[in-house]
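Reviewing the structure listed below.
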Number of protein chains: 2
Amino acid sequence: MTTTPRRARAPRQSDVARLAGVSQSAVSRVIGGDTDAARIPEATVRRIQDAIKELGYVPNPTARKLRTGRNRLLGVHTFEAVFPRAREDFYFEFLLGIEERAEEIDHDLVLFTSTGGSDGRRRVYRDGVNRLNVADGAVLLGVAADRAELARLEADGYPFVHIGRREVPGTRITCVVPDYESAAAAIVDRLADLGHERIGYLRAGIEEESYADRRRGYESAVARRGLRDVSPASPGLEEGRLDAAWLDAVATGEVTAVVADAEWLAHPLADGLADRGLTVPRDVSVAVLEGVAPDAPVRWDCLQIPRREVGRLAIDTLVGMLDEPGEPVADVLVECVVVEGETVAAPPAGPSGDTRGSTV
Amino acid sequence: MTTTPRRARAPRQSDVARLAGVSQSAVSRVIGGDTDAARIPEATVRRIQDAIKELGYVPNPTARKLRTGRNRLLGVHTFEAVFPRAREDFYFEFLLGIEERAEEIDHDLVLFTSTGGSDGRRRVYRDGVNRLNVADGAVLLGVAADRAELARLEADGYPFVHIGRREVPGTRITCVVPDYESAAAAIVDRLADLGHERIGYLRAGIEEESYADRRRGYESAVARRGLRDVSPASPGLEEGRLDAAWLDAVATGEVTAVVADAEWLAHPLADGLADRGLTVPRDVSVAVLEGVAPDAPVRWDCLQIPRREVGRLAIDTLVGMLDEPGEPVADVLVECVVVEGETVAAPPAGPSGDTRGSTV
DNA sequence: ATTCTCTGCTCATACGTATGAGCAGCGACT
DNA sequence: AGTCGCTGCTCATACGTATGAGCAGAGAAT
């Protein structure tokens with residue numbers, strides 16, 4: 001049993017200094033490595049280093065943080081549990097990227113798991129205390145992100161980045177988001193290239209910031225390519241069914257291709273079309289503006305959200321903010337890959353169809 | 001745009017104090033809630049609280065940590081990436097429990113992801129700095145845990161708990177481990193109850209601390225029940241095949257049941273037995289001393305490692321150490337459930353078999 | 001009138017580090 | 001003899017909080 005006796009108190013720089021016969025600041029400088037600026041000769045440096053070894057001195061990160069304001073600690077705040085029940089969990093892939101990148105640039109991650117409230121909801125402020133403050137900055141993610149908390153965080157000047165677009169009036173928060181706008185436009189372009197002229201957009205009923213991006217991309221591409229937009233009047237689902245009148249219109253050939261906001265919209269769409277005797281993609285093409293699970297029953301034409309890359313870029317953006325405080329940071333767009341599936345084809349050469357608009 | 005102008009400097013207690021016309025310590029006491037001990041009347045408390053609200057004051061966790069030594073931050077150090085590629089990952093379930101429990105007791109988690117070294121290996125000490133120090137204590141896990149680092153950590157008096165047994169000579173490190181010993185004994189008991197009298201133990205070649213626990217449980221139960229142990233001379237696999245001589249002995253009825261250290265040993269075992277015309281469990285029973293993937297091709301009789309619970313207990317144990325520093329903490333054993341599968345049955349009533357030893 | 005007790009605070013310090021400013025000593029140069 | 005410049009450090013302070021000790025004043029008791 002040669003165990004070192006448990007030290008009552010960890011050695012500090014002043015202990016090292018005493019042993020080496022120098023001042024605490026000399027020790028600090030040697031550790032900080034600015035021996036040139038402080039003009040400490042090699043002999044003294046070695047003496048100090050020996051003392052450090054002998055005492056087993058280890059810098060105190062808390063004191064460092066207090067002094068310098070930096071920690072190499074990056075926060076991750078999710079509004080739900082971080083370790084997901086299912087690997088397919090929405091967050092999961094983001095976290096993979098976050099951890100990967102943090103490791104590469106030698107930072108540690110703080111997972112803010114404590115709820116603080118009795119309601120069990122995760123919040124940033126717990127009885128007025130910004131818990132994130134331990135970390136140099138934080139990456140926030142989660143659909144339920146409380147907008148008031150984000151505004152307060154921003155007002156407090158806390159450096160953070162949000163994964164996914166989140167807009168709060170009167171506040172400029174930095175987001176890292178998939179480039180839905182370009183991706184939506186690319187999908188419309190592809191449909192146009194194939195000869196489609198009349199297309200529709202099926203949106204989710206839920207109001208969400210990222211919807212605006214997709215919609216914008218869709219609309220600009222529709223205008224640019226001179227297409228006709230025939231979207232349903234009522235957005236999304238109604239009692240599990242889509243707008244019947246609009247589906248009937250699709251059946252009469254009013255629309256030859258549909259862009260759906262999400263996969264869960266595409267399935268009822270396909271059902272509704274099947275009810276009316278239409279087959280995808282022979283009669284109607286369908287593309288999905290969202291990543292699709294690899295084991296989905298239908299191989300949708302869709303776009304793939306680069307979640308891993310988004311996570312990585314969130315870290316880089318955050319660290320950029322820390323390095324250049326005060327500088328306003330623009331949102332970061334991450335390109336989406338358009339995946340070709342089995343649900344998009346050329347439009348049928350029906351009575352109402354001609355290929356005047358085709359660029360192929 | 002009514003955004004609060006970005007404060008150059010976050011307000012501190014002294015700012016609050018000035019506004020409320022009191023001293024900094026009064027503010028600290030009000031925040032700390034020990035207004036009784038400090039005899040601060042309600043009116044003053046309210047004045048201070050108003051000032052806190054007006055300035056949007058938020059305590060600085062770093063300063064707090066420096067002063068009190070506590071953070072409500074618990075470290076998690078894994079020697080590989082935390083967010084696993086596969087959900088079946090060994091660590092995964094532990095982390096689930098860790099996060100769950102940390103959330104319940106209102107602590108945050110620090111994920112030590114940084115490598116510090118150029119070799120890309122995750123280490124506790126990076127150029128002599130104990131990175132874990134930011135957190136109040138840490139849970140370590142990972143088969144590759146460097147023993148020297150553990151010893152140093154212990155010598156430094158850093159509070160930590162290791163998931164899985166890890167022994168370092170001359171050092172007493174606290175582990176939270178599945179109770180393999182009892183589980184192995186329970187499995188042997190079950191075999192004995194079924195009437196087996198001659199059994200063997202198939203161990204993994206890899207030297208590992210937890211092996212000792214299992215072996216101990218096995219041996220004590222074998223002795224207690226008066227069984228005969230006929231284990232192979234050579235442990236584990238050799239060139240992908242098990243000890244042939246021993247397998248032949250099993251084929252002649254020398255052994256009617258085998259306890260295997262791990263699932264990957266059980267498969268070649270079953271193959272070897274099949275080669276000799278034996279069927280599991282009709283001719284030979286096989287039990288596995290390790291959890292088995294739910295989608296395994298064979299429904300082994302095995303024991304289930306309560307990983308989630310181990311994670312939770314690791315947190316509790318760690319917090320206990322923080323609350324009572326100095327107290328030695330015994331290892332924590334977590335009971336394993338023995339799962340009945342389809343690979344254990346009563347021994348065949350062969351020429352060499354009698355039921356004298358059966359207690360059923 | 002003096003002492004005692006209680007209230008309502010304040011003072012001072014410690015936690016461990018980083019860093020700008022400065023100082024003593026020495027050799028060199030004018 | 002004076003001063004310039006360099007070396008090799010040290011001094012002092014700030015970061016923001018928590019806390020033991022103590023102090024001034026008011027009222028009560030003797």
Side-chain angles (χ1 to χ4, degrees), chain A residues 7-18 20-48 51-52 55-72 128-131 133-134 136 156, chain B residues 7-18 20-48 51-52 55-72 128-131 133-134 136 156-158:
Chain A
R7 270 186 288 274
R9 158 178 309 266
R12 23 184 189 182
Q13 289 185 353
S14 52
D15 297 323
V16 175
R18 202 171 321 117
V22 294
S23 74
Q24 174 264 328
S25 41
V27 176
S28 174
R29 302 207 199 257
V30 165
I31 288 166
D34 56 348
T35 52
D36 292 353
R39 296 170 302 215
I40 297 187
E42 235 184 278
T44 310
V45 169
R46 252 199 305 278
R47 223 171 56 239
I48 293 178
I52 287 176
L55 292 177
Y57 166 79
V58 152
N60 179 327
T62 308
R64 263 192 173 157
K65 161 80 177 174
L66 184 60
R67 175 65 225 227
T68 62
R70 283 293 281 276
N71 232 356
R72 297 192 88 78
V129 179
N130 172 3
R131 301 159 37 248
N133 253 331
V134 236
D136 294 341
D156 284 352
Chain B
R7 273 186 288 270
R9 154 180 314 264
R12 19 180 193 187
Q13 289 185 354
S14 54
D15 297 323
V16 174
R18 203 173 318 119
V22 294
S23 75
Q24 174 263 326
S25 39
V27 176
S28 174
R29 305 213 195 253
V30 165
I31 288 166
D34 56 350
T35 52
D36 293 352
R39 297 171 301 216
I40 297 186
E42 234 185 276
T44 310
V45 169
R46 251 198 306 276
R47 223 170 57 238
I48 293 178
I52 287 176
L55 291 177
Y57 166 79
V58 151
N60 179 328
T62 307
R64 265 191 172 157
K65 162 84 178 170
L66 183 59
R67 176 61 225 231
T68 63
R70 283 293 281 274
N71 231 354
R72 298 192 85 78
V129 179
N130 171 3
R131 302 158 37 249
N133 252 332
V134 234
D136 295 339
D156 284 352
Y158 185 82

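Just so it is clear: chains get the letters A, B, ... in the order the sequence lines come, proteins before strands, and each one is counted from 1.
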Subject >> Chi angles and distances behind the side chain to side chain contact (heavy atoms under 4.5 Å, CB included) call for B:L66, A:R67 >> reply: CA-CA 11 Å; B:L66 183 59; A:R67 175 65 225 227; over 6 Å; no
Subject >> Full working for side chain to side chain contact (heavy atoms under 4.5 Å, CB included) between A:I31 and A:I48 >> reply: CA-CA 9 Å; A:I31 288 166; A:I48 293 178; 6.0 Å; no
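Rounded to the nearest 0.5 Å, atoms CZ (B:R70) and CG (B:D136) are 5.0 Å apart. Of the inter-residue distances, the one linking A:S28 atom OG with A:R64 atom CZ reads 8.0 Å to the nearest 0.5 angstrom.
At a threshold of 4.0 angstrom between heavy atoms, the contacts of B:T62 with the nucleic acid are absent. Counting non-hydrogen atoms under 4.0 angstrom, B:V27 reaches nothing in the nucleic acid.
When every heavy atom of B:P61 is checked against every heavy atom of B:P59, the shortest pair comes out as CD-O, 3.4 Å. Here the closest heavy-atom approach between residue B:Q13 and residue B:Y57 is recorded as CG-OH, 3.2 Å.
Each end of the helix from C:dA1-D:dT30 to C:dT30-D:dA1 yields a helix axis from five base pairs, and these two axes differ in direction by 80° (to the nearest 10 degrees).
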**OP:** Give the B/S/- string for nucleotides 15-21 of chain D, one per nucleotide from 5' to 3', where a protein heavy atom under 4.0 Å of the base yields B, of only the sugar-phosphate yields S, and otherwise -.
**Re:** BBBBBBB
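Judged by distance alone, the side chain of B:T44 and the main-chain N or O of B:I40 form no donor-acceptor pair under 3.5 Å.
As a whole-Å value, the separation of B:R39 CZ from D:dG25 C1' is 13 Å. Going from atom CZ of A:R47 over to atom P of D:dG8 covers 12 Å, rounded to whole Å.
At a threshold of 4.5 Å between non-hydrogen side-chain atoms, the residues A:Q24 and A:V16 do not count as touching.
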